[in-house]
Amino acid sequence: MSKRETITKLPQAFYARPTLEVAPDLLGKYLIYKAATGRIAARIVEVEGYLPVDDPACHAARGLTRRNRPMFGPPGRSYIYFIYGMYHCLNFVTEQDGTPGAVLLRAAEVVAGRELLVFPRGGKRTDRYPLSGPGKLCRAFGLSMDQNDLDLTGDRLYLEDRHENDVTIKQSPRIGIKVGVDHPWRFYDANSSAVTRPR
DNA sequence: GTAGTGATTTTCT
DNA sequence: GAAAATCACTACA
């Protein structure tokens, strides 16, 4: 306990900012999820921003739909969608209420609750299995549509600020999209080995 | 080691 | 009916 070790839950005001300000700030923060079986904590190392304007890759680019409705709501909530018939992706809603914007969580390092994670092939080789990818991450956490539109200032799913400053932030184009690739809105911690590997 | 493709279902046109 | 903010497996060098 040398320095300040105050751990604070990120307030709604943290999310109520432009997406491109929130996204890099998320690196080095900790994601806490209280599952039915216990508590999981992971350090965020890779995210992508999806903006309300000038972003054809954003789900909200074509207006409000049933799926992207949480993005149009108030900030500080979760937005989870199902894709490719088998994977879920977790986002944090940003911007003001009524303005669609979100940050996709792409990769994290588990620091607590590793034994609670769900892995492919029935849970073999759980050691050192990286949460490198949005689909993997949600599967490991057991996230599904049941956790969609949760309040991130609540107790079930939230982020902690542990005041880490040893994050080397880099940015690059986003991954897995076909339009809007020219926007470098992916942010990651260059010190982490859990970030998505380039193809 | 890299490259290519099947899986599988929700959502929107 | 087609596409989707992905992953893991298979084939081949």
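Letters go in sequence order (proteins before strands), and every chain restarts at 1. If you're wondering where the values come from, they're calculated on a predicted model, not measured in any experiment. Side chains included, hydrogens not; waters and symmetry mates left out as well; all remaining heavy atoms used.
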- Between A/Tyr84 and A/Asn68, who's closer to the 5' end of DNA chain B by nearest nucleotide? A/Tyr84

- Message: Heavy-atom nearest nucleotide on DNA chain B for A/Leu64 versus A/Gly85: which residue maps closer to 5'?
- Response: A/Gly85

- Task: Would you mind telling me which of B/dC12, C/dA5, C/dA4 lies closest to the side-chain atoms of A/Tyr79?
- Result: C/dA5

- Query: Among the nucleotides C/dA4, B/dC12, B/dT10, which one has an atom lying closest to any side-chain atom of A/Phe82?
  - Reply: B/dT10

Across the strands shown, which category fits [X] at heavy-atom distances under 4.0 angstrom: base, sugar-phosphate, nothing?
{"X": "A/Ile177", "value": "sugar-phosphate"}
{"X": "A/Met71", "value": "base"}
{"X": "A/Gly135", "value": "sugar-phosphate"}
{"X": "A/Arg66", "value": "sugar-phosphate"}
{"X": "A/Tyr87", "value": "base"}

- Message: Is a donor from one side chain sitting under 3.5 angstrom from an acceptor on the other, for A/Asp161 and A/Thr8?
- Response: no

- Is any side-chain N of the basic residue among A/Arg39 and A/Glu160 closer than 4.0 Å to the acidic one's carboxylate O? yes

- Message: Any carboxylate oxygen within less than 4.0 angstrom of a Lys/Arg side-chain nitrogen, looking at A/Arg156 and A/Asp146?
- Response: no

- Item | A/Tyr81 aromatic ring stacked with six-membered ring of C/dA5, 5.5 Å and 30° | no

- Item | Distance flag, aromatic centroids of A/Tyr81 and A/His88, threshold under 6.0 Å | no

